[in-house]
Amino acid sequence: MAEDNSHSDILTEENGAKEVPSLVEGVAELSLSPTQKEEDDGKEVTKKKKKKSKSKKKKGPIEQTDPPSIPVLELFPSGDFPEGEIQQYKDDNLWRTTSEEKRELERLEKPIYNSVRRAAEVHRQVRKYMKSIIKPGMLMTDLCETLENTVRKLISEDGLQAGIAFPTGCSLNWVAAHWTPNSGDKTVLQYDDVMKLDFGTHVDGHIVDCAFTVAFNPMFDPLLEASREATYTGIKEAGIDVRLCDIGAAIQEVMESYEVEINGKMYQVKSIRNLNGHSIGSYQIHAGKSVPIVKGGEQTKMEEGEFYAIETFGSTGKGYVREDLECSHYMKNFDVGHMPLRLPRAKQLLATINKNFSTLAFCRRYLDRLGETKYLMALKNLCDAGIVQPYPPLCDVKGSYVSQFEHTILLRPTCKEVISKGDDY
């Protein structure tokens with residue numbers, strides 16, 4: 001989820017004939033003594049038991065179904081989930097790799113690491129499935145609901161303990177972020193669309209924020225490559241004590257080295273200067289620090305133990321977004337205390353938000369799913385009171401195209417872990 005600085009053989013009897021045992025066989029069987037017969041019978045039982053025991057082979061690891069339906073908790077019965085891609089820190093922090101003190105710190109943090117890795121494994125499996133089924137002609141509402149229902153199954157949705165971290169962003173073309181269809185929206189995905197698929201998962205409030213771009217027309221490949229490589233650059237540059245502004249400068253240099261030809265016209269890809277990556281906290285998607293994607297940002301440094309969403313946006317437009325279109329994304333302000341509300345409907349809606357989302361972002365479709373109706377006035381009241389913050393879609397100039405790639409990283413005491421990294425990107 002972006003931060004804005006601007007505001008899936010029976011034997012048959014033929015002809016009724018039956019085999020009749022020969023007289024010799026019958027005599028042979030009668031000539032056996034009772035003792036021998038018992039011994040032979042015993043051997044037969046033993047053989048049968050052996051056959052049965054052979055059939056009880058150890059089952060291999062459970063494999064995910066297609067479409068995915070098995071919770072990752074069942075796929076990893078040990079309770080340990082795969083770690084992400086490990087990257088070493090740069091020279092001045094290499095000592096951390098072998099530091100026993102830093103290793104001990106990591107052992108203490110293992111439960112948190114495991115929770116976020118579980119969320120990341122769900123993200124990988126869901127996006128793999130979605131990539132296999134997304135095609136032009138899909139209704140955007142169907143796309144989002146398929147994705148979200150798959151997340152709910154695989155993560156074993158459990159109130160605020162595990163589930164979706166924020167609404168599925170599926171922003172198209174010049175819309176860079178924060179667009180998801182409201183109920184009744186009939187938007188259909190087209191062959192020439194550039195769609196940013198940005199969705200989040202969480203376990204115990206530990207959020208994985210990860211995004212990729214879908215484009216069917218190969219004409220857009222250089223645009224997608226620009227933001228993908230810029231994101232990888234940001235991840236490579238990130239580290240403990242690294243200044244945020246230095247990451248932004250490195251990202252911009254890579255991003256703006258790309259050009260893309262669209263319908264015969266050449267465009268330089270621009271970093272969107274008022275969109276950023278961000279630090280992530282517990283139940284807090286934007287935890288206070290911004291990771292710029294252009295030079296000249298904050299001198300603030302990254303610190304040990306922090307989670308970051310490293311995301312970049314490449315645009316063929318102005319490289320600057322503004323709020324536009326109908327709002328779908330909302331989030332309760334993290335630091336808001338108790339505030340008096342006059343409208344009973346607003347109080348009731350706030351109770352629903354507190355119970356189901358707390359400080360995690362939500363959208364109108366999620367309220368509809370919970371059975372809330374005629375809530376727009378109450379929602380506006382909560383926004384006006386400063387309790388809930390609306391996050392309208394963020395758009396570059398109409399007719400332009402924006403691509404996005406994003407990963408969640410963890411600055412561990414001994415190394416950098418790209419939590420959400422997969423085989424796909």
Would you call Trp179 and Cys170 a side-chain contact if the rule is heavy atoms closer than 4.5 Å? yes
Side-chain H-bond candidate by donor/acceptor type, Asp241 with Asn93, under 3.5 Å: no
Using a strict threshold of under 4.0 Å (side-chain N to carboxylate O), is an ion pair present between Glu237 and Lys90? yes
Is the distance between the ring centroids of Tyr401 and Phe220 under 6.0 Å? yes
Hey, would you say the Tyr113 and His206 ring centroids sit under 6.0 Å apart? no
Is there a side chain to side chain contact (heavy atoms under 4.5 Å, CB included) between Phe405 and Leu224? Walk through the geometry before answering. CA-CA 8 Å; Phe405 279 85; Leu224 272 62; 4.2 Å; yes
Look up atom OH in Tyr308 and atom CG in Leu411, then write down how far apart they are to the nearest 0.5 Å. 6.5 Å
What is the distance from atom OG of Ser115 to atom NZ of Lys110, rounded to the nearest 0.5 Å? 12.0 Å
Would you check if there is a donor-acceptor pair between the side chains of Gln348 and Glu372 at a distance under 3.5 Å? yes
Separation between CD of Glu303 and CD1 of Ile240, rounded to the nearest 0.5 Å: 9.5 Å
Might you confirm whether atom CZ of Arg107 has over 12 heavy atoms from other residues, nucleotides or ligands at distances under 6.0 Å? yes
Between Phe362 and Phe357, how do the two ring planes meet: parallel, tilted or perpendicular, split at 30° and 60°? parallel
If you measure from the Lys or Arg side-chain nitrogens to the Asp or Glu carboxylate oxygens, is any gap between Asp424 and Arg127 under 4.0 Å? yes
Value rounded to 0.5 Å, distance of CG in Asn182 from CE in Met140: 12.5 Å
Just do the ring pair (Phe, Tyr, Trp, His ring centres under 6.0 Å) check on Phe166 and His329 with the steps written out, would you? CA-CA 9 Å; Phe166 53 82; His329 285 49; 7.8 Å; no
Determine whether a donor-acceptor pair (N or O, by modelled atom type, separation under 3.5 Å) exists between the side chain of Arg412 and the backbone of Glu106. no
For the backbone of Gly200 and the side chain of Asp209, can you confirm whether one donor and one acceptor N or O come within less than 3.5 Å of each other? no
Test item: side-chain donor near acceptor, Asp185 and Thr141, under 3.5 Å: no
Has Lys318 got a side-chain atom pairing as donor or acceptor with Ile272's backbone, closer than 3.5 angstrom? no
Looking only at atom types and distance, does a side-chain atom of Ser358 sit under 3.5 Å from a main-chain N or O of Asn354, one as donor and one as acceptor? no
Please determine whether side chain to side chain contact (heavy atoms under 4.5 Å, CB included) holds for the pair Glu298 and Cys245, giving the CA-CA distance in whole Å, both sets of side-chain angles, and the decisive distance to 0.1 Å. CA-CA 5 Å; Glu298 298 177 36; Cys245 58; 5.8 Å; no
So Leu360 and Met331, do their side chains get closer than 4.5 Å, heavy atoms only? no
Residues Leu341 and Ala385: closest non-hydrogen pair is CD2-CB, 4.3 Å
Glu157 (side chain) donor-acceptor with Ala162 (main chain) under 3.5 angstrom: no
Is there a salt bridge (Lys or Arg N to Asp or Glu O under 4.0 Å) between Lys270 and Glu256? Walk through the geometry before answering. CA-CA 5 Å; Lys270 297 175 183 174; Glu256 300 190 353; over 6 Å; no
Do Asp198 and Gln404 meet the criterion of a side-chain donor-acceptor pair at a distance under 3.5 Å? yes
Considering all heavy atoms, the nearest Pro82-Glu121 contact: CG-OE1, 3.7 Å
Do Val269 and Leu223 come within less than 4.5 Å of each other through their side chains, counting heavy atoms only? yes
Can you give me the closest heavy-atom contact between Arg322 and Asp396, atom names plus distance? NH1-O, 3.1 Å
Shortest non-hydrogen contact from Glu406 toward Cys210: O-SG, 3.2 Å
Is any side-chain heavy atom of Tyr267 closer than 4.5 Å to a side-chain heavy atom of Lys265? yes
Is the number of heavy atoms from other residues, nucleotides or ligands under 6.0 Å of Glu253 CD greater than 12? no
Could you pull out the closest heavy-atom pair between Cys395 and Leu325, with the gap in Å? SG-CD1, 4.1 Å
May I ask you to check whether over 12 heavy atoms, not counting those of Glu63, lie within 6.0 Å of atom CD? no
Salt bridge (Lys or Arg N to Asp or Glu O under 4.0 Å) evaluation trace for Glu417 with Arg117: CA-CA 10 Å; Glu417 183 175 346; Arg117 286 170 186 159; 2.9 Å; yes
Over 12 non-hydrogen atoms of neighbours within 6.0 angstrom of CG in Asp384: yes
Dump the intermediate steps for side chain to side chain contact (heavy atoms under 4.5 Å, CB included) on Phe199 and Val126, then the final yes or no. CA-CA 10 Å; Phe199 70 99; Val126 171; 3.9 Å; yes
Where Gln161 and Tyr283 come nearest, the two heavy atoms and their spacing: NE2-OH, 4.2 Å
Tell me whether Thr201 contacts the main-chain N or O of His123 through its side chain, where contact means a donor paired with an acceptor under 3.5 Å. no
Regarding His278 and Glu311, do their side chains bring together a donor and an acceptor under 3.5 Å, going by distance alone? yes
Between OG1 on residue Thr359 and CD1 on residue Ile285, distance to nearest 0.5 Å: 10.5 Å
How about Thr180 and Arg365: do any of their side-chain heavy atoms sit closer than 4.5 Å? yes
Return yes if some donor-acceptor pair links the side-chain N/O of Ser78 with the main-chain N/O of Asp80 below 3.5 Å, else return no. yes
Going by side-chain contact (heavy atoms from CB on, under 4.5 Å), Leu143 matches just one of Met195, Lys135, Glu148. Which one? Met195
Side chains of Val194 and Thr213, heavy atoms from C-beta outward: is any pair under 4.5 Å? yes
Any chance you could measure Glu261, atom CD, to Asp221, atom CG, to the nearest 0.5 Å? 13.0 Å
Axial cation check for Tyr320 ring with Arg273, 6.0 Å and 45° limits: no
Thr233 side chain vs Glu229 backbone, donor-acceptor pair below 3.5 Å: yes
Measure from the side-chain N and O atoms of Lys301 to the backbone N and O of Gly239, and report whether any donor-acceptor pair falls under 3.5 Å. no
For a 4.5 angstrom cut-off between non-hydrogen side-chain atoms, does Val260 reach Met266? no
Between His407 and Tyr425, is the ring pair (Phe, Tyr, Trp, His ring centres under 6.0 Å) condition met? List the steps. CA-CA 9 Å; His407 273 303; Tyr425 68 95; 4.9 Å; yes
Over-ring placement of Lys131 relative to Phe212, 6.0 Å and 45° cut-offs: yes
Taking the side chain as everything from C-beta on, heavy atoms only, tell me whether Arg364 gets closer than 4.5 Å to Leu376. yes
Does Ala238 offer a backbone N or O that forms a donor-acceptor pair with the side chain of Lys416 under 3.5 Å? yes
Side chain to side chain contact (heavy atoms under 4.5 Å, CB included) evaluation trace for Lys102 with Thr97: CA-CA 8 Å; Lys102 297 301 179 186; Thr97 310; over 6 Å; no
